[in-house]
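The structure under discussion appears below in the form of structure tokens.
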Amino acid sequence: MTANTAPDLLDLAPLGADDFARVEDKIAALMRTRETVVTMQGEALLPLEASIRSAVRPGSTALNVVTGPYGETFGGWLRSCGADVVTVSAPFSGAVGPDAIAEALRAHPEIDFVSLVHAEAATGNTNPVAEIGRVVREHGALLMLDAVASVAAEPLLTDEWGVDLCVIGGQKAMAGPAGVSTVSVSARAWERIEANEQAPRRSYLSLLDWKERWLDGGRAVLPHAPAQLEMLALEQAADRIEADGLDTVITRHRAARGATRTGIRALGGLTPYVTLRAHAAPVATTLRAPDGVDAREIVAAALAADGSVPLQAGGGALAKEMIRVNHYGRAASRDTVLASLTALAAGLRTLGVAVADTDEVLEAAGAEWDVVVSE
Ligand SMILES: *Cc1c(COP(=O)(O)O)cnc(C)c1O
């Protein structure tokens with residue numbers, strides 16, 4: 001870099017209210033919602049926590065569906081709002097079905113709020129939100145959905161599925177920034193939030209502040225200085241998806257899932273953690289380490305063979321037994337998936353685990369990629 005190179009992230013023209021609203025509209029279109037959206041100036045945990053604290057109060061009964069670590073976090077917030085929490089947990093090897101939700105709603109007719117994660121990058125599963133949404137809507141509870149790991153990786157039909165509070169972030173399949181995140185808020189959800197004395201007000205967690213200071217004024221004046229660089233990056237991420245075609249981006253993620261699972265089955269040694277492909281998230285494939293071999297050692301050996309591949313060990317208690325092959329955003333590519341499989345094969349061989357010939361694995365995985373893309 002030369003001394004007179006202008007820093008290109010500085011001294012930009014200010015991001016005005018019109019620009020901010022335009023980015024919000026692009027994200028709303030991507031989420032398939034005509035309800036209002038609020039783009040909060042923080043990572044996706046901000047609108048997730050804001051949604052729960054805004055809609056839930058003492059006396060609420062919440063159904064919290066736990067299919068991974070984010071669901072566990074929601075349970076803590078729900079309890080801290082004074083809600084009684086009913087928990088439905090799915091094994092991390094599959095999805096939760098609408099029947100389990102219907103049964104919980106029948107057993108606890110007082111449930112007025114349901115929190116659900118669409119896809120979990122951490123556990124590699126994805127839940128049937130269309131079916132679950134129907135059951136929740138029939139019961140009458142509000143539905144909050146964490147769609148951070150599903151937006152742009154698989155269909156997300158916010159309004160059609162009856163999602164009242166839908167949260168997305170740009171950092172996964174959108175290949176965008178992590179620093180701003182959008183939540184859609186249905187008219188039903190606003191009613192509930194406005195009636196909640198305990199909903200945050202004059203707070204960074206407040207959806208009502210955004211309503212009063214931004215939405216109700218016709219999005220004419222921003223409530224505070226916007227996170228300009230993050231908003232511009234979010235817009236570029238949305239524009240790139242629009243240019244490539246959302247269906248094409250989703251297909252790349254589905255192909256990455258299919259090729260990874262097929263490649264692993266050809267490889268041997270490891271097995272997909274999520275049993276059925278239909279329950280497996282297109283955003284990341286989780287793998288079970290062979291008995292007696294620590295997943296962290298496999299990841300370290302694979303990264304020693306190729307440090308550029310998006311592999312990591314599972315989080316927390318899963319670290320010993322789970323490997324995560326991330327294939328979201330730019331990593332949802334044929335080359336990256338094949339490189340991840342090559343690195344895993346090399347790593348397993350280093351540790352003395354018998355696996356198939358790498359060429360055979362890549363041929364099977366590549367063929368599956370092509371099948372999914374041509375479907
Ligand atoms: C990735 C992800 C988030 C965002 O969390 P980070 O801490 O930014 O990784 C939220 N929810 C789900 C389901 C995710 O997969």
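Just follow the structure's listing: the first ligand is 1, and inside any ligand the first atom is 1.
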Under 4.0 Å from a heavy atom of [X]: give me the atoms of ligand 1 that qualify, with their elements.
X    : answer
A121 : 15 (O)
V117 : 13 (C)
A119 : 13 (C)
A149 : 15 (O)

From D370 atom CG to R334 atom CZ, the distance as rounded to the nearest 0.5 Å: 4.5 Å

Residue-ligand contact L45/ligand 1, heavy atom below 4.0 Å: yes

Sub-4.5 Å side-chain heavy-atom contact between T126 and V274: no

pair S51-V167: side-chain heavy atoms closer than 4.5 Å: yes

N/O separation below 3.5 Å, Y70 to ligand 1: yes

Salt-bridge criterion met for K26 and E242 (N-O under 4.0 Å): no

R188, K211, R201 screened by salt bridge (charged side-chain N to carboxylate O under 4.0 Å, His left out) with E194, the one that passes: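 Running salt bridge (charged side-chain N to carboxylate O under 4.0 Å, His left out) over R188, K211, R201 with E194 returns exactly one hit, K211.
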
Give me the nearest non-hydrogen protein atom to [atom] as residue plus atom name, then the distance to 0.1 Å.
atom                    : answer
atom 1 (C) of ligand 1  : K172 NZ, 1.3 Å
atom 11 (N) of ligand 1 : D146 OD2, 2.6 Å
atom 6 (P) of ligand 1  : E43 OE2, 3.1 Å

Residue portion contacting ligand 1 (non-hydrogen atoms closer than 4.0 Å) for A178: neither

Proximity of Q171 to ligand 1 by residue part, where a heavy atom lies under 4.0 Å: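 Side chain only.
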
Aromatic ring proximity H224/W210, centre distance under 6.0 Å: yes

Please set out all donor-acceptor pairs under 3.5 angstrom arising from side-chain atoms of residues 88-102, sequence neighbours excluded.
none

Heavy-atom pair with the smallest gap, counting every atom of S203 and D209: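 Closest approach of S203 to D209: N-OD2, 3.0 Å.
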
